[in-house]
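First up is the structure itself, then whatever we jot down about it.
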Amino acid sequence: MNDIDPITELIAELAPSTPLASAQDLAPARRRLMTALATEDPGPAATARPAPVSRTGNRRSSQAGWRVALAGTATAAARPAAPASSSRPI
Amino acid sequence: MRLAAPDMRAEVEDAAIIEASLTDPDRFGALFDRHAPLVHRYIARRTGRDIADDLVAETFLAAFRRRIRYDTSYRDARPWLYGIATNLIGQHRRDETRQLRIRLAAVPDLDDPGHGDRVAADVTARAARRVLAAALAGLPDADRDVLVLIAWEQLSYDEVARALDIPIGTVRSRLSRARSRVREALARTDLSATFKELLTR
């Protein structure tokens, strides 16, 4: 588990709200990859089955004054209240 | 909560897909379908969308060519892919710096700019974003890589260590240094009162 640091949260708030690309957006890249795959020789046989690994995640602390200050009054007011751990779109 | 968790609803794990692709290369396409949107967003956030369109293809091509070296004890390939993408972003540092200074510093325009309080708040937000964007852009590349992977992409320290192929102690030290520099940058401005809450922690 990562420790929660306000500076990291502040930087997180700065992340551009870039929407996830659609399959259509990614189609040219996928075509490029699949073309490469089609010309690939089969490699060696697969190795042993993978072992389980632990998974960890991050948490965000609650809304704070600086977050509102960073967003500005207009944007903060226009934005619906979000859960502390999901303040950005996926 | 992980915002960017891979789609593990599919029963086939990443490691199994990579294994299978060693004998059946077409199987690697499933890894693209699962992770390309997140990897693309990561690159786009750092360099802009136009470059991301190109680099996401390069990321998966590089991953495909390196797949024989993938450690299949890691079921989730996302950190591995982020590491490859980060290396490619390293070849576009100028684009990243421009992206940080221009795009991140922007605050959406006000619908009603006539209200005095709103204008003041907007001015503060713009100033804060400019300071933070400049601080982020001014970080050593290696420190910024760690900070962004943790703050924006929600990777754990372990995952960042794996992505960048560095010890976890190095992740911690780079992150600590990056935070200190951002904190110092804020403290040097007349915004220090606004961010006092952060600067005193």
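Note that the structure is predicted; figures quoted are calculated from it, not measured. Protein chains get the first letters and strands the later ones, always in sequence-line order, with residue 1 at the start of each.
Contact annotation for residues 137-148 of chain B against chain A (heavy-atom separation below 4.5 Å, listed by residue number): B:L147.
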Take A:R32 and B:D54 through the salt bridge (Lys or Arg N to Asp or Glu O under 4.0 Å) test and state the conclusion after the steps. CA-CA 10 Å; A:R32 232 177 111 185; B:D54 194 39; 2.9 Å; yes

Derivation of the side-chain contact (heavy atoms from CB on, under 4.5 Å) call for A:L26 and B:F32: CA-CA 9 Å; A:L26 293 168; B:F32 181 95; 4.1 Å; yes

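Applying side chain to side chain contact (heavy atoms under 4.5 Å, CB included) to B:R179 and the options A:I7, A:I11, A:L10 leaves one that passes, A:I7.
Expressed to the nearest 0.5 Å, how far CZ of B:F60 lies from CG of A:L37 amounts to 11.5 Å. A distance of 5.0 Å separates CG in A:L20 from CZ in B:R41, rounded to the nearest 0.5 Å.
Listed for the B:R45 side chain is a donor-acceptor partner under 3.5 Å among the backbone atoms of A:P16. Checked by atom type and distance alone, the side chain of B:W152 never pairs as donor or acceptor with a backbone atom of A:E13 at under 3.5 Å.
Ranked by heavy-atom pairs under 4.5 Å with chain A, the list B:A178, B:S180, B:P37 is led by B:P37.
In this structure, chain A has no heavy atom under 4.5 Å from any part of B:D71.
A:A29 and B:V56 make their closest contact through CB-CG1, 3.7 Å (heavy atoms, listed as atom of the first residue, atom of the second, distance). In plain terms, the two heavy atoms of A:A21 and B:H40 that are nearest each other are CB-ND1, 3.6 Å.
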